[in-house]
Amino acid sequence: MTETGHDLAPGLRYFPDYFDRPAQEALVAAIRQVVADAPLYVPRMPKTGKAMSVRMTNCGALGWVTDKDNGYRYQSTHPETGRPWPAIPETLLALWDAVSGFAKPPEACLVNFYDPEAKMGLHQDRDETDFAAPVVSVSLGDQCLFRIGGTSRSDPTRSFRLSSGDVFAFGGESRLIFHGVDRIYPGTSTLLRNPGRINLTLRRVNP
DNA sequence: CAGTGCCT
DNA sequence: ACGA
C-alpha cells in the first residue's frame, strides 16, 4: 500500500491504486450483489425535486438519501423498496480498519454510479451527527476528474485524475472540505461491463 | 450549492 | 455567480 500524503492538506490522504485488479473485481462482484438487493435509483434535490445525474444506492445500517420533500438525511431503509440496506462487504470493512484510524465500524456506505455524463457539484459531507471519523472513498471503473477545495466554498481548489482502485480519505481538519466530480473519462478502464464509474463512500454517522 | 450556466 |  502506498500513501501519497505530500502536498495534501492535513487530514487528507490519497492512496493511489490501493486495490489491485483482482481486489477491484471482487469489489465489483460484491457491489453487484448489493445493487441486486438494493437497486440504484435517481436521487432528487431538496425543494426543487431536480434529478441528480448520478444513480445511488447504499449498504450498511444507514444510507444517505435525498428527495424533494425531506431533503438530505440518513435512513435505515431503501427509499423505493422500503427494505433495510444490505450489509457492507467485508473488503470495505477491512479498508476502513486499515485507513480510518477509527475504532468503530462505518455505519453507511454510499454507492454512487456515474455514467459518462454524470457529475457531482462541489459539496461537503455534513449530514452526519459526528465528524470525528474520516470519510473514506473508493474509485472503481473509469477515471474521473476529482476536485477538492477547503472548508469554505470560496477556497481555492485542486484537481486529481482518479483511477480505478484509488482510495481517498478526508479526516481531521479536512473532514468537511468541499469536493466534487467534474467529469468522467469513459473508456479509461475495462473493469466494468459498461462505461462509467462507481464511487463507494464509507462514513460513520453517529458517535 | 450533492444544482445549472455562463465565462475564459 | 446565481437564487433557492
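What you see is a predicted model, and the numbers here were worked out from it, not measured in a lab.
- Here the side chain of A/Y72 is nearest to one of B/dT4, B/dA2, C/dA4, namely B/dA2.
- Rounding to whole angstrom units, OH of residue A/Y74 and P of B/dA2 are separated by 13 Å.
- For the pair A/Q143 and A/S163, the tightest heavy-atom approach, listed with the atom from each and the gap, is NE2-OG, 3.2 Å.
- Among the atoms of the strands shown, base atoms are found under 4.0 Å from some heavy atom of A/D127.
- In this structure, A/F15 and A/Y18 have perpendicular ring planes: the angle between them is above 60°, well past the 30° mark.
- Regarding A/L176, its CG atom lies at a distance of 14 Å from the C1' atom of B/dA2, rounded to whole Å.
- In this structure, A/R204 is not positioned above the aromatic face of A/F102 in the sense of NZ or CZ being under 6.0 Å from the six-membered ring centre and within 45° of the axis.
- Taking atom CG on A/N70 and atom P on B/dA2, their separation rounds to 17 Å, with Å as the unit.
- Spacing between atom CG of A/D67 and atom C1' of B/dA2 amounts to 14 Å, rounded to whole angstrom units.
- The CG-P distance, from A/L122 to B/dT4, rounds to 13 Å in whole Å.
- Using a 4.0 Å heavy-atom criterion, one finds that A/M120 contacts the bases of the nucleic acid, with or without backbone contacts as well.
- Across the protein-nucleic acid pair, A/K119 atom NZ and B/dG5 atom C1' stand 9 Å apart, rounded to whole Å.
- For A/R197 and B/dA2, the CZ to C1' distance is 14 Å, given to the nearest whole Å.
- When the options A/L110, A/L95, A/L27 are evaluated for a side-chain contact (heavy atoms from CB on, under 4.5 Å) with A/L200, the one that passes is A/L27.
- Heavy atoms of A/R55 sit nowhere under 4.0 angstrom from any nucleic acid atom.
- The side chain of A/K50 sits closest to B/dT4 out of B/dA2, B/dT4, C/dA4.
- Residues A/G63 and A/W85 share a closest heavy-atom pair of N-NE1, 3.2 Å.
- When heavy atoms are screened at a 4.0 angstrom cut-off, A/F178 is found touching no nucleic acid atom at all.
- Protein atom CZ of A/R153 is 11 Å distant from nucleotide atom C1' of C/dA1, rounded to whole Å.
- Across all strands shown, B/dC6 remains unpaired; no Watson-Crick or G-U wobble contact has both distances below 3.5 Å.
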